[in-house]
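Taking it in order: structure first as structure tokens, then the write-up.
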Amino acid sequence: MGCLLLAPDAWAHPVTVDGDASDWFTRAPNADNLGLIARDAQHAGEYVWRDNVGDARTDLSNPEVVADIVGLQVTGTTDGIAFLLRRAPNLTLSDPPIQVQIAIDTDRVAGSGQVNFADYADTMVADSARWEYLVETRFGSGGTAVVKDTSFNNLGVAQAAQSATAVEIFVPWTLIGMSGPPAAPLRFTVATFRAQTNDQTVDIGGPNVSNAIDAVTDYGNPAAASYPNTWAEVQDQVVDYWFDLWFSASGEVYAPVLIQRFMPNAASGGSDEWYVVRNVTGTAMPLANFKLGDEETPDGGEGMKLFPAAATIAPGGTFVVAANGTSYQTFYGAAPDAEVSSTSATIPDMTSFAAWATGTFTLAKTGD
């Protein structure tokens, strides 16, 4: 027990920037346009996004293989942050160059920071994801990558390499104004473009038409049965989708809220089913955008529920969700923080998140 308590929370997770994805995790979400946090036995952590292959715009080529995103992965070390963009099959390096732009919002304050992607991209991030730093590859001119500030000044060169299957980028924390992994999460918006030889984006349709070919986005509906072309996301010139990532002291990506323990349904003395989630960060965690359920795949037959809008977990604290709040309170002598079934007027309700699943949220004991 003492050895476990003294063990570090994570190991360094370096990657070699060579365009080879073999030093990254192979785990992926079980649906397109969906992300997850993956951890290995040594507590190394990555954010893993699985993109729909073939949803890139076809304005410049049909099919589009240069800038079509297959997947995106993010990890870090004490020295910096690393990105892997998996590329479309059937690509060769004789094809025109890709440009990857990654907007990093360090303060996550709406209206604070730059809204535009760089180099005449004619594309913006969401107002809630305005960025302080932008990572941009420079493959058009044969370069690597740069980091830009909100006035589009180059702050320094970042490592970057491409192959027919992937683009890898490594950015020192110092280039985004940090001495090491941040205690607060970072917000990311990602888009790909075609690059000209001067590293400006290839123009598609004039000043009021986005030049983005593909973007990390779920189109507002995870794993929709029929994916639209990326034009559906950027026709208003805005990539509305962004994601937040938390980094440990060693730079590993980790999930800020975890399932700490649970009781399957009717498992003990009529207490019914309950689940406890824990905030493992050092700051209070609003739960308004979090969901809890037993359906692993969007549009499956089980359930997914939204937390109450006002729900918050204190740093290191827990939040109890009961299937039946009245039953839980009777058995344990204390009310849960929320309930799935509406049995009590004084216990906040979890509500259905139909974009993921519309079935019943209940654990079926063995195998669930």
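Residue numbers count from 1 along this sequence. All values derive from a computational prediction rather than experimental measurement.
In this structure, Leu175 and Gly156 approach most closely via the heavy-atom pair CD2-CA, 3.8 Å. Across Gly19 and Ser163, no two heavy atoms sit closer than the pair O-OG, 2.7 Å. Of all heavy-atom pairs spanning Thr192 and Ala67, the tightest one is OG1-O, 2.7 Å. The heavy-atom pair separating Val66 from Pro96 by the smallest distance is CG1-O, 3.2 Å. The minimum heavy-atom distance linking Glu296 with Asn30 is given by the pair O-OD1, 3.3 Å. The two atoms that bring Ser112 and Glu132 nearest to each other are O-OE2, 3.3 Å, heavy atoms only.
Side-chain polar atoms of Asn211 and Thr201 form a donor-acceptor pair below 3.5 angstrom. Between the side chains of Thr189 and Trp131, not a single donor N or O lies within less than 3.5 Å of an accepting N or O.
Checked by atom type and distance alone, the side chain of Thr144 pairs as donor or acceptor with a backbone atom of Ala158 at under 3.5 Å. Judged by distance alone, with hydrogens and angles left aside, the side-chain atoms of Arg187 form a donor-acceptor pair with the main-chain N or O of Ser128 at under 3.5 Å. Looking at Glu46, its side chain never comes within 3.5 Å of a backbone N or O of Val253 through a donor-acceptor pair. The backbone N or O of Asn324 sits nowhere less than 3.5 Å from a side-chain atom of Thr343 that would complete a donor-acceptor pair. At least one donor-acceptor pair under 3.5 Å links the side chain of Trp356 to the backbone N or O of Glu295. In terms of modelled atom types and a separation under 3.5 Å, the side chain of Thr123 and the main chain of Ala121 share a donor-acceptor contact. Between the side chain of Asp299 and the backbone N or O of Ala357, no donor-acceptor pair lies under 3.5 Å. A donor-acceptor pair under 3.5 Å is formed between the side chain of Asp199 and the backbone N or O of Ser141. At least one donor-acceptor pair closer than 3.5 Å links the side chain of Arg50 to the backbone N or O of Pro29. The backbone N or O of Ala82 sits nowhere less than 3.5 Å from a side-chain atom of Glu168 that would complete a donor-acceptor pair.
Side-chain contact between Ile104 and Thr106: present, with at least one pair of heavy atoms (C-beta onward) separated by less than 4.5 Å. Contact check for Val238 versus Val115: no side-chain heavy atoms found under the 4.5 Å cut-off. Counting only heavy atoms from C-beta outward, the side chains of Phe139 and Gln162 approach each other to under 4.5 Å. A heavy-atom distance below 4.5 Å is not found between the side chains of Val209 and Asp122. At least one side-chain heavy atom of Phe243 sits under 4.5 Å from a side-chain heavy atom of Leu72. Asp214 places none of its side-chain heavy atoms less than 4.5 Å from the side chain of Glu64. Residues Val147 and Val171 form a side-chain contact, since some pair of their non-hydrogen atoms from C-beta on lies under 4.5 Å apart. The shortest side-chain heavy-atom distance between Glu233 and Tyr219 falls under the 4.5 Å cut-off.
Hydrophobic cluster membership differs between Val202 and Val167, with clusters built from Ile, Leu, Val, Met, Phe, Trp and Tyr side chains linked at under 4.5 angstrom. Under the 4.5 Å side-chain heavy-atom criterion for ILVMFWY residues, a single connected hydrophobic cluster contains both Val135 and Val74. At a threshold of 4.5 Å between side-chain heavy atoms, the hydrophobic network of Ile, Leu, Val, Met, Phe, Trp and Tyr places Ile347 and Phe319 in two separate groups. In the hydrophobic cluster analysis, where Ile, Leu, Val, Met, Phe, Trp and Tyr join through side-chain heavy atoms closer than 4.5 angstrom, Val146 is grouped apart from Val17. Tracing side-chain contacts under 4.5 Å through hydrophobic residues (I, L, V, M, F, W, Y), one never reaches Tyr120 starting from Leu134; they form parts of separate clusters.
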Query - Full working for side-chain contact (heavy atoms from CB on, under 4.5 Å) between Phe193 and Asp119 - result: CA-CA 10 Å; Phe193 305 83; Asp119 284 305; over 6 Å; no
Report task. Step by step, work out the side-chain contact (heavy atoms from CB on, under 4.5 Å) result for Leu186 and Met178. Result -> CA-CA 12 Å; Leu186 300 179; Met178 300 174 182; 3.5 Å; yes
Query - Worked check of side-chain contact (heavy atoms from CB on, under 4.5 Å) between Ile102 and Val190 - result: CA-CA 5 Å; Ile102 303 171; Val190 180; 4.1 Å; yes
Query - Asp68 vs Val53, side-chain contact (heavy atoms from CB on, under 4.5 Å): CA-CA, chis, key distance, verdict - result: CA-CA 7 Å; Asp68 189 13; Val53 180; 3.8 Å; yes
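To the nearest 0.5 Å, the span separating CG on Asp272 from OH on Tyr332 amounts to 10.0 Å. The line from OG1 of Thr137 to CG of Leu85 is 9.0 Å long, rounded to the nearest 0.5 Å. Annotation: the span from Asp51 atom CG to Arg87 atom CZ amounts to 13.5 Å, rounded to 0.5 Å. Between atom CZ of residue Phe170 and atom OG1 of residue Thr77 there is a gap of 4.0 Å, rounded to the nearest 0.5 Å. Of the inter-residue distances, the one linking Ile69 atom CD1 with Thr230 atom OG1 reads 7.5 Å to the nearest 0.5 angstrom. Rounding to the nearest 0.5 Å gives a distance of 11.0 Å between CZ of Arg130 and CG of Asp107.
Listed by first then second residue, pairs satisfying salt bridge (charged side-chain N to carboxylate O under 4.0 Å, His left out) with a partner in residues 332-357 number zero, not counting sequence neighbours.
Between Asp59 and Arg194 there is no salt bridge, since none of the side-chain N atoms of the basic residue sits less than 4.0 Å from a carboxylate O of the acidic one.
Taking the ring axis of Phe361 as reference, the NZ or CZ atom of Lys305 does not stay both within 45° of it and closer than 6.0 Å to the ring centre.
Shown here is Phe152, whose CZ atom has more than 12 heavy atoms of other residues, nucleotides or ligands within 6.0 Å. With a 6.0 Å radius and a threshold of 12 heavy atoms from other residues, nucleotides or ligands, Ile259 has its CD1 atom at or below the threshold. Remark: Asn153 CG is packed, more than 12 non-hydrogen atoms of other residues, nucleotides or ligands lying under 6.0 Å away.
With ring centers used as reference points, Phe188 lies 6.0 Å or more from Tyr47. Aromatic pair Trp49/Phe83: centroids not less than 6.0 angstrom apart.
Thr351 meets the side-chain hydrogen bond (donor to acceptor under 3.5 Å, both in side chains) test with no other residue; sequence neighbours excluded. The ring-ring contact (aromatic ring centres under 6.0 Å, His included) check on Trp173 picks up Phe247, with sequence neighbours excluded.
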